[in-house]
Amino acid sequence: MESLQEPPTAAPNTTTKALQLAGAALLIVLAAVFVYANRTEVPNAVRAAREARVPFLVLAAALSVVYMIDLAAFHHAAFRTIGVALPFRAMLWLASAAHFLNLVAKSGGFGGLAVYLQDAGRRGLPRGKVITAYALASVLAQIMFTLVLVASLTLAWWDGRLTLTEIAAAGVFSLYTLLYVVVIVAAIRSREAVRFVHAVPARVTRWMRGLFGRRRAAAPINHEAADELYDAVAVLVRRPGAALPPALYALMIDIIGTAMIWVVLRAFGVQTGVTVPLVGYSVSVLFSIVGVLPAGVGFAEAGLGAVFVSYDIPVATAAVAVLAYRLFETWIPFLIGGFAAQAVARKRAPS
């Protein structure tokens with residue numbers, strides 16, 4: 001479970017770096033093997049790229065911008081639900097910058113919290129409310145994507161297209177989701193219950209250290225993060241109607257991503273219904289979450305490409321469609337977010 005305290009600025013630990021380097025090396029090898037095994041398809045891929053329908057690519061780029069606007073609207077609504085009112089223009093910058101940080105760091109979506117805390121300090125906003133609002137947005141996004149993922153995997157299973165790799169990735173994601181379920185159930189019961197659940201990882205770590213003879217003085221457990229989680233979930237329990245607007249914006253994020261895949265496929269001459277884009281989007285995000293590299297690089301592309309090929313889209317067309325989609329879904333928002341992060345870092349406190 002990710003902590004809701006302000007993210008540390010220290011570099012990732014050695015184990016994380018080693019995993020990311022090993023993952024990057026493995027992806028390079030697999031990519032080279034894939035290209036070599038499908039070298040006869042390279043001319044077809046080049047031809048498909050040259051024959052792409054430009055209006056659909058322009059529409060995909062527009063959807064990329066709409067995606068960023070909806071992301072800002074989602075956070076804007078979540079913050080208003082908690083009682084933190086920010087101008088939408090400011091939220092547009094903050095949400096873009098936070099999205100950039102979440103792409104470059106594997107932090108379970110909480111790396112972007114640092115941007116909001118920095119802005120809260122400039123504006124004199126209550127730090128606790130800002131963290132609670134961000135936690136609420138995280139919980140709602142998790143719930144909405146889980147519903148979309150279940151629907152898409154059900155469709156893939158119904159069509160006989162569900163692979164063992166996708167099942168394994170879904171299993172990993174299910175464990176991740178289970179943590180949210182445990183927190184929500186604990187928060188429904190009491191503040192003490194969610195504090196107990198949140199302290200479990202620290203207790204397990206101490207127990208493991210004791211087994212290996214590395215016992216040291218126990219530091220007091222900070223319940224601040226648990227309290228913010230409790231407050232965020234309590235909003236859903238006490239006022240479910242108040243969380244409906246941000247929940248709808250969260251769902252729109254998944255709808256826009258699905259529409260972007262449909263548009264990209266049309267750009268390369270593939271006419272399809274909603275099933276392929278929906279399954280492709282869900283699997284792409286799923287592999288991005290479980291992948292060890294920032295932004296799910298390599299993992300998301302592999303998952304999406306596998307879905308396209310399983311639905312009988314030619315390998316060459318699938319390859320260029322995957323690259324185009326990731327350009328619009330990841331790299332354009334990445335550039336926008338990087339620019340926003342620089343702009344937000346230079347801002348001064350409002351007069």
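Taking CG of Asp119 as the reference point, atom CG of Leu94 lies at 4.5 Å (rounded to 0.5 Å). Taking CD1 of Ile256 as the start and CG of Leu63 as the end, the distance is 7.0 Å to the nearest 0.5 Å. Taken from OG1 in Thr275 to CH2 in Trp262, the straight-line distance is 13.5 Å, to the nearest 0.5 Å. The structure places CG of Leu71 at 11.0 Å from CD1 of Ile336, a figure rounded to the nearest 0.5 Å. Expressed to the nearest 0.5 Å, how far OH of Tyr325 lies from CH2 of Trp331 amounts to 13.5 Å. For the atom pair CZ (Phe88) and CD1 (Ile69), the distance works out to 6.5 Å, reported to the nearest 0.5 Å.
Nearest heavy-atom pair, Ile82 versus Ala133, reported as atom, atom and distance to 0.1 Å: CG1-CA, 3.6 Å. Nearest approach of Ala95 to Ala72, heavy atoms of both residues: CB-CA, 3.7 Å. Looking at every heavy atom in both residues, Gln118 comes nearest to Ala345 through OE1-CA, 4.5 Å. The minimum heavy-atom distance between Ala97 and Val344, with the atom names listed, is CB-CG2, 4.2 Å. Taking both residues in full, the closest heavy atoms of Ala250 and Met144 are given as CB-CG, 3.7 Å, listed atom of the first, atom of the second, then distance. Minimum interatomic distance between Met68 and Ser96 (heavy atoms only, all atoms of both residues): CE-OG, 3.6 Å.
Sequence neighbours left out, the pairs with a member in residues 143-154 that pass side-chain hydrogen bond (donor to acceptor under 3.5 Å, both in side chains) are Ser152-Ser282. Within the structure, the salt bridge (charged side-chain N to carboxylate O under 4.0 Å, His left out) test picks out no pair touching residues 270-280 (sequence neighbours left out).
Two residues are said to be in side-chain contact when any heavy atoms from C-beta on lie closer than 4.5 Å; Leu265 and Phe56 fail this criterion. A 4.5 Å side-chain heavy-atom check between Thr132 and Leu136 finds every atom pair outside the cut-off. The closest side-chain heavy-atom distance from Val115 to Phe100 is not below 4.5 Å. Between His99 and Tyr67, some side-chain heavy-atom pair lies under the 4.5 Å cut-off.
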Subject >> Ile255/Val148 under side chain to side chain contact (heavy atoms under 4.5 Å, CB included): CA gap, chis, key distance, verdict >> reply: CA-CA 9 Å; Ile255 293 175; Val148 171; over 6 Å; no
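Here the options are Tyr116, Tyr249, Tyr134, the test is side chain to side chain donor-acceptor pair (under 3.5 Å), and the partner is His75; only Tyr116 passes. Checking each of Val283, Thr272, Ile261 against Phe308 for a side-chain contact (heavy atoms from CB on, under 4.5 Å) leaves exactly one that passes, namely Ile261.
Using a 4.5 Å cut-off between side-chain heavy atoms of Ile, Leu, Val, Met, Phe, Trp and Tyr, with links allowed through other members, Leu103 and Ile332 fall into the same hydrophobic cluster. Grouping the Ile, Leu, Val, Met, Phe, Trp and Tyr side chains by contacts below 4.5 angstrom, directly or via other members, places Val274 apart from Val264. Under the 4.5 Å side-chain heavy-atom criterion for Ile, Leu, Val, Met, Phe, Trp and Tyr, Leu59 and Val322 are members of the same hydrophobic cluster. Both Tyr311 and Ile167 belong to a single network of hydrophobic side chains, linked directly or stepwise wherever heavy atoms of I, L, V, M, F, W or Y lie under 4.5 Å apart. No path of Ile, Leu, Val, Met, Phe, Trp and Tyr side chains, each step under 4.5 Å between heavy atoms, connects Val65 with Met260, placing them in separate hydrophobic clusters.
Under the 30°/60° scheme for interplanar angles, the aromatic rings of Phe145 and Tyr281 are found to stand perpendicular.
Under the 4.5 angstrom side-chain criterion for Ile, Leu, Val, Met, Phe, Trp and Tyr, the cluster partners of Val54 are Val58. Connectivity analysis of hydrophobic side chains (ILVMFWY, heavy atoms under 4.5 Å, direct or indirect) links Leu248 to Leu244.
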List, one per line, each side-chain donor-acceptor pair under 3.5 Å for residues 297-307, sequence neighbours excluded.
{"unit_1": "Glu301", "atom_1": "OE1", "unit_2": "Gly298", "atom_2": "N", "d": "2.6"}
{"unit_1": "Glu301", "atom_1": "OE2", "unit_2": "Arg326", "atom_2": "NE", "d": "2.9"}

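Listed by chain and residue number, Val84, Leu86, Ala120, Arg123, Val130 satisfy the side chain to side chain contact (heavy atoms under 4.5 Å, CB included) test with Leu125 (two or more places apart in sequence, or in another chain).
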